[in-house]
Amino acid sequence: MTELTPGFVAGHLPRRPDDAHKGTMGTLCSITGSYGFSGAAVLSARAALRSGVGLHYQVIPEKIYPVFASSVFESVCVPVRGNTLGTVAPTDLDAILNTADRATAVLIGCGMGCTSATAEVLRAVLTSCRVPVVVDADGINALSQHKDILSETHAPLILTPHIKEFSRLSGLEVADILADQAGAAEEFSQKYPDTVLVLKSHITYVAENGMLYRSTAGNSGMAKGGSGDVLAGIIGSLAAQGAKPLTAAAMGVHIHASAGDTAALKYGRTAMLPSDIIDCLSGVYMKLEELRN
């Protein structure tokens, strides 16, 4: 087991050469958000952009397009008709897959809604994509009900469940997971060797086929809805910039936790918000870049 440290992250952080441009710094396609959960799309997008990705394409249901577009100015929006529930739908797949084809990584699941449409869209994305795909939140819940998708996928996967989501995904009881989080993460990663698992809790484990990282950073002020969306955006951004899935996940966990600790010092654990974590990312990246140099 390897402890995640600033030195490890600094040594693997994607470099930005002087002649870089938006086309050379990665492209992330996010398929996130639904009516009532526009914040998940906004938070994950802002975190991804703040984490250095060159281009960000946001597939967004038309019902929440105005909210998203007025909150995130740097994304290229791909509004889709969706369905009457305000979620993306299988009828949107041409637009979704065409957008994903332009990307170097994909993020799917944050605030998508727990519907049959989510599962259908998830299956299509995972069976058609060849670039890393980060699956979070409602994407995890869809996988839990359709585990056969895991054997059909052609994309390198990064799954980011919290303990209850992992319980549904793995079939293990919450108490058993909490009793041995490291063992549960390792067991799952051996069962699905081409999948990176980020098992989120007050101690977070990142596992892939015998490799295990642990992060004890972070604090209880991060225990608020939206923090996971921020983490998913960070990991997706790093993967899009070329970091290997395991490395992107491990770096993302440490960066997210470090920004959370900065936010706690600035605002206090009670008052801090997930959006404050995003605002504190710049300081974390500056320190890592100084350490690397």
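These numbers come from the heavy atoms of this one structure, side chains and all, not from hydrogens, waters or symmetry mates.
Contact check for Leu157 versus Tyr192: no side-chain heavy atoms found under the 4.5 Å cut-off. Side-chain contact check for His56 versus Glu74: every heavy-atom pair is 4.5 Å or farther apart. Annotation: side chain of Ile163 is in contact with side chain of Gln181 (closest heavy-atom distance under 4.5 Å). Using a 4.5 Å heavy-atom threshold, the side chains of Asp148 and Arg123 count as touching. With contacts defined as side-chain heavy-atom distances shorter than 4.5 Å, the pair Ser128/Asp101 does not qualify. When side chains are defined from C-beta on, His254 counts as touching Pro6, because their heavy atoms get closer than 4.5 Å. Inter-residue side-chain proximity for Leu291 and Val9 is flagged as unmet; no heavy-atom pair is nearer than 4.5 Å. In this structure, the side chains of Ser75 and Leu49 come closer than 4.5 Å at one or more pairs of heavy atoms.
Annotation: the span from Leu288 atom CG to Met251 atom CE amounts to 9.5 Å, rounded to 0.5 Å. Between the CD atom of Glu208 and the OH atom of Tyr213 there is a distance of 9.5 Å, given to the nearest 0.5 Å. Rounding to the nearest 0.5 Å gives a distance of 12.0 Å between OG of Ser151 and CG of Asp194. Here the OG1 atom belonging to Thr87 is positioned 10.0 Å from the CD1 atom belonging to Ile64, to the nearest 0.5 angstrom. One distance of note links CG of Asn83 with CG of Asp92; it measures 8.0 Å at 0.5 Å rounding. The OG1 atom of Thr262 sits 9.5 Å away from atom CG of Asn219, with the distance rounded to the nearest 0.5 Å.
If you chain together hydrophobic residues whose side chains sit under 4.5 Å apart, Val67 and Leu273 never meet in one group. Residues Val80 and Val125 share a single hydrophobic cluster, defined by chaining ILVMFWY side chains whose heavy atoms lie under 4.5 Å apart. By the rule that hydrophobic residues join a cluster once side-chain heavy atoms approach within less than 4.5 Å of another member, Val106 and Val135 end up as members of one cluster. Hydrophobic clustering, with ILVMFWY side chains joined whenever heavy atoms are under 4.5 angstrom apart, groups Leu107 together with Val230. Leu169 and Leu231 fall into different hydrophobic clusters, defined by Ile, Leu, Val, Met, Phe, Trp and Tyr side-chain heavy atoms under 4.5 Å apart, directly or through other members.
Of all heavy-atom pairs spanning Gln241 and Pro14, the tightest one is OE1-CB, 3.8 Å. Taking all atoms of both residues into account, the shortest heavy-atom contact from Glu289 to Leu13 is CG-CD2, 4.0 Å. Across all their heavy atoms, Thr160 and Glu165 have their closest contact at O-OE1, 4.1 Å. Between Thr91 and Gly82, the closest heavy-atom pair is OG1-O, 4.5 Å. Considering all non-hydrogen atoms of both residues, Ala119 and Ile149 come closest at O-CD1, 4.2 Å. Between Ser34 and Gly111, the shortest heavy-atom contact is OG-O, 2.7 Å.
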(request) Dump the intermediate steps for side chain to side chain contact (heavy atoms under 4.5 Å, CB included) on Gln58 and Ser30, then the final yes or no. (result) CA-CA 5 Å; Gln58 177 68 47; Ser30 293; 3.4 Å; yes
(request) Quick one: do Lys244 and His12 satisfy side chain to side chain contact (heavy atoms under 4.5 Å, CB included)? Show the steps, please. (result) CA-CA 10 Å; Lys244 293 182 179 179; His12 290 85; over 6 Å; no
(request) Go through Thr99 and Ile31 one step at a time and tell me if the side chain to side chain contact (heavy atoms under 4.5 Å, CB included) criterion holds. (result) CA-CA 10 Å; Thr99 306; Ile31 309 156; over 6 Å; no
(request) Just do the side chain to side chain contact (heavy atoms under 4.5 Å, CB included) check on Leu238 and Ile255 with the steps written out, would you? (result) CA-CA 11 Å; Leu238 295 169; Ile255 291 166; 4.1 Å; yes
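The stretch residues 18-45 participates, sequence neighbours left out, in no ring-ring contact (aromatic ring centres under 6.0 Å, His included) pair at all.
Remark: side-chain polar atoms of Ser227 are paired, donor with acceptor, to backbone N or O of Met222 under 3.5 angstrom. Remark: the backbone N or O of Gln190 is not paired with any side-chain donor or acceptor of Asn209 at under 3.5 angstrom. Asp94 contributes no side-chain N or O that, together with a main-chain N or O of Leu97, makes up a donor-acceptor pair within less than 3.5 Å. Of the possible polar contacts, one joining the Lys224 side chain to the Met272 backbone as a donor-acceptor pair under 3.5 Å is found. Lys22 places no side-chain N or O within donor-acceptor distance of the main-chain N or O of Thr27, the cut-off being under 3.5 Å. Put simply, the side chain of Ser237 gets close to the backbone of Ala48: a donor and an acceptor are under 3.5 Å apart. For Ser44 (side chain) and Gly233 (main-chain N/O), no donor-acceptor pair under 3.5 Å exists by modelled atom type. The backbone N or O of Ser258 lies less than 3.5 Å from no partner atom in the side chain of Asp261, so there is not a single donor-acceptor pair. With Thr153 contributing its side chain and Leu126 its backbone, the two residues share a donor-acceptor pair below 3.5 Å.
The residues Asp279 and Arg46 are annotated as salt-bridged, a charged nitrogen and a carboxylate oxygen being separated by less than 4.0 angstrom.
Hydrophobic cluster membership for Ile203: Met1, Tyr205, Leu212 (Ile, Leu, Val, Met, Phe, Trp, Tyr linked by side-chain heavy atoms under 4.5 Å, directly or transitively).
Classified by interplanar angle (parallel below 30°, tilted 30° to 60°, perpendicular above 60°), the ring pair Phe166/Phe188 is perpendicular.
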Can you give me every donor-acceptor pair (side chain of residues 171-178, partner residue at least two apart or in another chain, under 3.5 Å) with its distance?
none

